[in-house]
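Data first, discussion second: the structure below is written as structure tokens.
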Amino acid sequence: MSGLPGRLVAADPSRLPTVEVDVLVVGSGVAGLSTALALPPGRSVLLATKGRLGEGATRYAQGGIAAVTSAGTAGAQDDSASRHLDDTLAAGAGLCDPAAVLVLVEEADRAVADLRGRGVRFDQAGGGLLARTVEGGHSRPRILHAGGDATGAEIERALVAAALAAGVRVAEHAFLVDLVTDAAGAVAGALLAEPDGAAAGPSLRLVWAGVVVLASGGAGQLWTDTTNPALSTGDGVAAALRAGAALADLEFVQFHPTALHVPVDPRPLISEAMRGEGAVLRDTNGELVMAGRHPLGDLAPRDVVTRAMAARMAALGADHLWLDATGVPGERLEERFPTILARCRAAGIEPTTDPIPVSPAAHYLMGGVHTDLDGRTSVPGLYAVGEAACTGVHGANRLASNSLLEGIVFAARIGRAVAAGPAPGANAHAAAGSGSPAGPPAEAGEPAATRAALRRLMTARAGVLRSAAGLAVAAETLAGLPAAFAARPDGWEAANLVQLATALVHLAARREESRGAHWREDFPDPVEAWRVRQTITRDPDGGLVVGALPVPTLADVAG
């Protein structure tokens, strides 16, 4: 592949049906819905979602939302936002932006109040107090949950209902193909593809918008084993890269240590909260996996647990380990984890009496489109939020259950930033284009085969354990994959995955250290000189340009 194309489709704006709105929000998970609801009254909004409302990754979130809140919570009242801050910084392994983490923990109370105001029904422990639990990396039980282990589904339900009640305009099955920029490089809208029953392929529509918010999720489909749904192909992140936006921290990908080890895609998640209730990891000999590995044992940060599991599996030649919850009272498991128990039982596993087979799976992209504290990207008019964004909150390793909170907190900030910005005006339609030319259509690749090969490659060479030799093989193989595919959603998804994999491998090969979720077998220790965040942009010829962001200390931002 000679270079990353500037766009996927060459389209003449004058020949396409168009619609004009003030704000286009791409994505309908917690981040996209929260953004649509946070936008100022009087602004016209279109919420475009790749599938149907409620089909994104949010509904898979089990454990809960990490927040220190003034609402009554059950248990000892010895927690604080500063403790949450400390735990987040510790999990991030020196690469969190402290200013972003301060925003996250200090605005958590307001975020939870907003969710409750929109109808989210958090679990209660009696007496009107909110129930809470502990997860890996947290020093206190501060995880609020709903429906036992169905927090994401409950939040999604409430936010969808609130958006529909508010009259938010929704376009389902609308695929983000490319962003549209004007002559000055500012965003002017986006090219969407929607089903057309009267045509052989999708119908293209141009949405003119003064503001575009990417809330399109991550790219878990880069790996063979993932907890992410099939639509998690990084479309918004890749489109931002093609439009000139800077991405950051792409080399940091969190592999959840405990996905149910069954041959399905996506892999069902076994929430970390189950270990918070007393479940333990055992190997095939019944030995405790985390004994002596970390002071927090089975509740160590996710990167620590994942590496320990990978090492034990390699030593034993095993493809999975066991999560033993048989020491937790059966009625407690039924109350807290009805979704997990149902999924296990559907696979013929009874968690109340037998250990659960588990193995690591790709779970969360810490990197994404680089933003400031109000969600602004390096492209004027373009914002990003949720897993598609990189605010700097997560650093090298996301603290459990901070992601739902991040989506809500920063969505609210985008709403305030848009409200404080200039009133919407006419878009410079005549000056708008889609960036540099599309990639050559000749010799288009086969999407399904390319996607399958890519996922195997990334799992083997850019997964939990990495090395210079493996990453070099990945880079060379990626360079030989097709850059162009048929102009339909599966082809665009394949192109997006190839582009993001290329950028990710490039940054991973450069970072010659082990830190957080990035583990190099040939550089097993963290290196102080690498306590910087890497950014990556696309140059006009399709090449990749790497930059570096210094990481301030907490004292720097607190002073």
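Model, not experiment: these values are computed from the prediction.
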Any donor-acceptor pair under 3.5 Å from [X] side chain to [Y] backbone:
{"X": "Glu156", "Y": "Gly29", "result": "no"}
{"X": "Asp249", "Y": "Phe252", "result": "no"}
{"X": "Ser44", "Y": "Asp22", "result": "yes"}
{"X": "Gln534", "Y": "Leu507", "result": "yes"}
{"X": "Asp539", "Y": "Leu544", "result": "no"}
{"X": "Arg116", "Y": "Arg121", "result": "no"}
{"X": "Thr371", "Y": "Ala384", "result": "no"}
{"X": "Ser232", "Y": "Asn228", "result": "no"}
{"X": "Asp123", "Y": "Gly147", "result": "yes"}

Side chains of [X] and [Y]: closer than 4.5 Å at any heavy-atom pair?
{"X": "Thr226", "Y": "His363", "result": "no"}
{"X": "Pro202", "Y": "Pro489", "result": "yes"}
{"X": "Asn397", "Y": "Leu95", "result": "no"}
{"X": "Glu194", "Y": "Leu204", "result": "no"}
{"X": "Leu454", "Y": "Leu478", "result": "yes"}
{"X": "Pro17", "Y": "Leu206", "result": "no"}
{"X": "Val207", "Y": "Leu46", "result": "yes"}
{"X": "Asn402", "Y": "His84", "result": "yes"}

Can you tell me if [X] and [Y] form a side-chain donor-acceptor pair at under 3.5 Å?
{"X": "Arg398", "Y": "Ser403", "result": "yes"}
{"X": "Glu135", "Y": "Ser401", "result": "yes"}
{"X": "Ser216", "Y": "Asp235", "result": "no"}
{"X": "Thr391", "Y": "Glu406", "result": "yes"}
{"X": "Thr233", "Y": "Asn496", "result": "no"}

**Asked** For Pro40, which residues count as a side chain to side chain contact (heavy atoms under 4.5 Å, CB included) partner, sequence neighbours excluded?
**Response**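 Once residues adjacent in sequence are excluded, the partners of Pro40 under the side chain to side chain contact (heavy atoms under 4.5 Å, CB included) criterion are Arg43, Val418, Ala419.
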Where [X] and [Y] come nearest, the two heavy atoms and their spacing:
{"X": "Val45", "Y": "Arg169", "result": "O-CB, 3.4 Å"}
{"X": "Ser34", "Y": "Gly407", "result": "CB-O, 4.5 Å"}
{"X": "Gly119", "Y": "Arg157", "result": "O-NH2, 3.0 Å"}
{"X": "Val546", "Y": "His506", "result": "CG2-CD2, 3.5 Å"}
{"X": "Leu176", "Y": "Leu192", "result": "CA-CD2, 3.9 Å"}
{"X": "Glu387", "Y": "Leu365", "result": "OE2-N, 2.8 Å"}

### Message
One pair to check against side-chain contact (heavy atoms from CB on, under 4.5 Å): Ile270 and Phe337. What are the steps and the verdict?
### Response
CA-CA 9 Å; Ile270 306 296; Phe337 308 109; over 6 Å; no
Exactly one candidate in Val177, Leu191, Val19, Leu16 meets side chain to side chain contact (heavy atoms under 4.5 Å, CB included) with Arg205; the answer is Val19
query = Would Arg242 and Gln499 count as a side-chain hydrogen bond (donor to acceptor under 3.5 Å, both in side chains) if you check the C-alpha gap in whole Å, the side-chain angles of each, and the deciding distance to 0.1 Å?
reply = CA-CA 9 Å; Arg242 292 192 297 272; Gln499 291 173 25; 3.0 Å; yes
### Task
Any salt bridge (Lys or Arg N to Asp or Glu O under 4.0 Å) involving residues 491-506? Give me the pairs, sequence neighbours left out, ordered by first then second residue.
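Passing the test, one end in residues 491-506: Lys50-Glu493, Arg451-Glu493.
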The complete set of salt bridge (Lys or Arg N to Asp or Glu O under 4.0 Å) pairs with one or both residues in residues 25-37, sequence neighbours excluded, reads none
- For side-chain contact (heavy atoms from CB on, under 4.5 Å), just list the numbers for Val212 and Val25, CA-CA rounded to whole Å, side-chain angles, deciding distance to a tenth of an Å, and then say yes or no. CA-CA 6 Å; Val212 176; Val25 179; over 6 Å; no
Using 0.5 Å steps for rounding, measure from the CG atom of Leu47 to the CD atom of Glu172.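 Rounded to the nearest 0.5 Å, the CG-CD separation comes out at 9.5 Å.
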Go through the steps for Arg110 and Glu107 under the test salt bridge (Lys or Arg N to Asp or Glu O under 4.0 Å), then give the verdict.
CA-CA 5 Å; Arg110 179 176 176 178; Glu107 298 183 16; 5.9 Å; no
*May I have the step-by-step check of side-chain contact (heavy atoms from CB on, under 4.5 Å) for Val253 and Trp223, ending in yes or no?*
CA-CA 11 Å; Val253 180; Trp223 293 271; 3.6 Å; yes
For Thr224, the side chain to side chain donor-acceptor pair (under 3.5 Å) test, sequence neighbours excluded, returns Thr459
| task | Apply salt bridge (Lys or Arg N to Asp or Glu O under 4.0 Å) to Asp374 and list each qualifying residue two or more places apart in sequence or on a separate chain. | result |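 For Asp374, the residues satisfying salt bridge (Lys or Arg N to Asp or Glu O under 4.0 Å) (neighbours in sequence not counted) are Arg376, Arg413.
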With sequence neighbours left out, the residues meeting salt bridge (Lys or Arg N to Asp or Glu O under 4.0 Å) with Arg488 are Asp490
His256 ring center near Tyr364 ring center (under 6.0 Å):
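No; Tyr364 has its ring centre 6.0 Å or more from that of His256.
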Just checking Arg416: does its CZ atom have more than 12 heavy atoms from other residues, nucleotides or ligands closer to it than 6.0 angstrom?
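Enclosed: over 12 neighbouring heavy atoms sit under 6.0 Å from CZ of Arg416.
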Exercise. Walk me through it: do Trp492 and Phe175 pass the test ring pair (Phe, Tyr, Trp, His ring centres under 6.0 Å)?
Key: CA-CA 9 Å; Trp492 296 323; Phe175 191 102; 5.5 Å; yes
Q: Just do the side-chain contact (heavy atoms from CB on, under 4.5 Å) check on Phe122 and Val112 with the steps written out, would you?
A: CA-CA 10 Å; Phe122 287 106; Val112 171; 4.1 Å; yes
